[in-house]
Amino acid sequence: MFMKRREKILDTGPRICFFVQTAFGTAFSYLTSGVFLSGLALLMGAGDVLVSYLSVIVNICGVLILGFAAYLERFQSRKRLTVIFTALSRTATLFIVLIPAVVPKRMQIAVFVLAVVMAFTLQAQTTVVLNQWMMGFMDEKKSGRYISLRQTLTLGVTVLLSVAGGFWMDHMQGEYLGFAVLFGAAAVMSICEVMLLMRTPDSAPYRPLKINCGLGDALKIPLKDRKFVGFVVYILAFYLLLNISDSFTMVYMMKYLALPYKTVTAMYMIISLPQIVLLGLWGRISDKRGHEFVLKTSIWLFAGETLFMSFAAPKNCLLFIPAAFLISSVANAGFVVAVFNRRYELMPKDNRIMYDNFYTAVIGLGFILGPMIGGAVKGFLEAGAAVKSTAAINGIHCLYLISTAGILLLQVIYYRVQGRKEVCVHVKG
């Protein structure tokens, strides 16, 4: 049954190429970000707030790509754009691992921050132009299932590298050589990815409606679309509320709970493994019931994740963190399928890079403001405390409760606004 379904979805050469590209792109991203990038930062003496931002650095740097939209909109070849940005972003990212070896100790954090911002800004733009190229070959009737299939492959690669990378870094006891080997493997993945993209056919040449666009157009054109802006504000609010607490999960597990790499990666596999089944289920529901339905349903579940995380402490973390991550798995599977498809469902076919860069930039604000608010609350609660470690743990628990209450309130407001719109439409009809 699965083989037949897969054959129907992967029914053209370009769709197969973009499917395979996901494996190489995911491998590169996983080996050079997340827990490993956080570990490299801690090795150089990075603080809690900086490490908390690293878990969502691609989204944060998405704010900086807004200025590129007007210029990139002029390019007719989406393939050429993607290949160029992929090569640049991969090269810039690989430079990061050289910092401990070639930069003096006192300057490492400053150079690290600059290098990360440059590399992940390029990565954010790479994702946009890749998606624009891929959308030229998408079938709207199968988009939910296609995206779910790509995400399933992403999870398969992530799980494999979680196990291998976790054991490797524990074997290396977090030493610099361990990170150098991981980034070296990522370099191989990047070469394979660029070669595959060069062999993938280009989509039809893009003809922009307006040749000479400026930064003002990159803001004005999307802002005129009220329905799209409403969607962006909803997702922005969700990300902001979630990241008040969720951005501190990695540093909480690694620093305050002192969990080893193998345990941390095993915990994150609780998020990844169930999604291998859940993504296909959500993909079918999304194609049948609509992407908006899956999106708003999945967001409810994230409140359950943050609520369970608020109970996690050193003595019971092996109970509450897995429970929270399991709920997160169900929520995330639906969210990643729906938010991608809903975005392009609302987006017009013209000026898509402008719309996509606008979305990416605005959402990036949620990833910036969320940790900032969380860090401010955490710092306030720790101020003057006699036992800093205990105050930090209690502060993080408080952040999870704030996220839970905020997400629940957001959903109530969203449903009330949607209800009013449906009443207005019914009255006009």
Side-chain angles (χ1 to χ4, degrees), residues 2 5-6 9 19 22 26 55-56 59 127 131 134-135 138-159 230-243 245-246 249 267-309 322-347 359 363 366-367 370 403-404 406-415 418:
F2 175 75
R5 190 182 302 121
R6 185 179 64 179
I9 297 170
F19 178 73
T22 303
T26 300
S55 63
V56 290
N59 306 86
T127 300
N131 287 341
M134 181 181 70
M135 290 304 294
M138 289 286 283
D139 182 346
E140 292 183 2
K141 296 180 180 179
K142 303 176 182 178
S143 60
R145 285 166 289 171
Y146 182 76
I147 296 303
S148 70
L149 191 61
R150 290 182 84 230
Q151 289 297 323
T152 302
L153 177 60
T154 296
L155 285 172
V157 174
T158 299
V159 169
F231 162 76
V232 173
V233 170
Y234 177 46
I235 302 302
L236 165 64
F238 164 68
Y239 275 129
L240 187 152
L241 292 167
L242 181 65
N243 281 288
S245 60
D246 208 49
T249 297
M267 291 286 192
Y268 277 96
M269 284 177 65
I270 296 174
I271 296 179
S272 302
L273 284 175
Q275 290 188 63
I276 294 175
V277 175
L278 292 168
L279 280 164
L281 176 63
W282 280 119
R284 292 192 294 274
I285 295 173
S286 196
D287 284 338
K288 185 177 181 180
R289 297 290 302 275
H291 308 308
E292 184 182 16
F293 170 79
V294 172
L295 180 64
K296 62 187 182 184
T297 301
S298 62
I299 288 179
W300 281 112
L301 296 171
F302 281 102
E305 176 209 353
T306 54
L307 179 62
F308 273 87
M309 283 298 299
F325 280 15
L326 185 60
I327 297 173
S328 177
S329 179
V330 181
N332 195 63
F335 184 81
V336 295
V337 171
V339 75
F340 181 92
N341 284 296
R342 182 61 176 163
R343 178 164 103 233
Y344 288 103
E345 186 176 53
L346 294 173
M347 195 183 298
Y359 170 85
I363 297 308
F367 286 91
S403 290
T404 302
I407 291 171
L408 292 176
L409 180 60
L410 172 67
Q411 290 294 84
V412 171
I413 294 172
Y414 177 79
Y415 273 79
Q418 290 298 104

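By convention here, the first residue in the shown sequence is residue 1.
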Passes side-chain contact (heavy atoms from CB on, under 4.5 Å), Leu241 versus Phe302? Steps please. CA-CA 10 Å; Leu241 292 167; Phe302 281 102; over 6 Å; no

List the steps and the verdict of side-chain contact (heavy atoms from CB on, under 4.5 Å) for Tyr146 and Met134. CA-CA 11 Å; Tyr146 182 76; Met134 181 181 70; 4.0 Å; yes

Starting from the C-alpha separation in whole Å, work towards a yes-or-no answer on side-chain contact (heavy atoms from CB on, under 4.5 Å) for Glu292 and Phe231. CA-CA 10 Å; Glu292 184 182 16; Phe231 162 76; over 6 Å; no

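Atoms CG and OG1, from Leu242 and Thr404 in turn, are 9.5 Å apart once rounded to the nearest 0.5 Å. Remark: Phe19 CZ to Leu153 CG distance equals 4.5 Å, nearest 0.5 Å.
A distance below 6.0 Å separates the ring centres of Phe340 and Tyr344. For an aromatic pair to be called close, the ring centres must be under 6.0 Å apart, and Trp300 with Tyr414 fails this. Two rings, from Phe335 and Tyr239, have their centers less than 6.0 Å apart.
In this model, no donor atom of one side chain and acceptor atom of the other lie less than 3.5 Å apart for Thr154 and Thr22. There is no side-chain donor-acceptor pair under 3.5 Å between Thr306 and Ser403.
For the pair Lys296/Ile299, no side-chain contact is recorded, criterion being any heavy-atom separation below 4.5 Å from C-beta on. When side chains are defined from C-beta on, Met135 does not count as touching Met347, because their heavy atoms never get closer than 4.5 Å. The shortest side-chain heavy-atom distance between Asn131 and Arg343 falls under the 4.5 Å cut-off.
Counting all heavy atoms, side chain and backbone alike, Phe325 lies closest to Met267 at CD2-O, 3.1 Å. Of all non-hydrogen atoms in Leu301 and Ala331, the two that sit nearest each other are CB-CB, 3.5 Å. Taking each heavy atom of Ile407 and Ala303 in turn, the nearest pair found is CG2-CB, 4.1 Å. Contact record, Arg342 with Glu345: NH1-OE1, 2.7 Å, taken as the closest heavy-atom pair. Summarising the geometry of Ile327 relative to Glu305, their closest heavy-atom pair is CG2-N, 3.8 Å, with the distance given to 0.1 Å. For the pair Gly144 and Asn341, the tightest heavy-atom approach, listed with the atom from each and the gap, is CA-ND2, 3.7 Å.
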Identify all side-chain donor-acceptor contacts of residues 268-282 below 3.5 Å with residues at least two apart in sequence or on another chain.
unit_1, atom_1, unit_2, atom_2, d
Ser272, OG, Tyr268, O, 3.2
Gln275, OE1, Asn332, ND2, 3.4
Gln275, OE1, Ala333, N, 3.4
Gln275, NE2, Ile271, O, 2.8
Trp282, NE1, Val330, O, 3.0

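Scored by the side-chain contact (heavy atoms from CB on, under 4.5 Å) test, Ser286 finds His291, Val294, Val337 as partners (sequence neighbours excluded). The side-chain hydrogen bond (donor to acceptor under 3.5 Å, both in side chains) search around Asp287 returns Arg145, not counting sequence neighbours.
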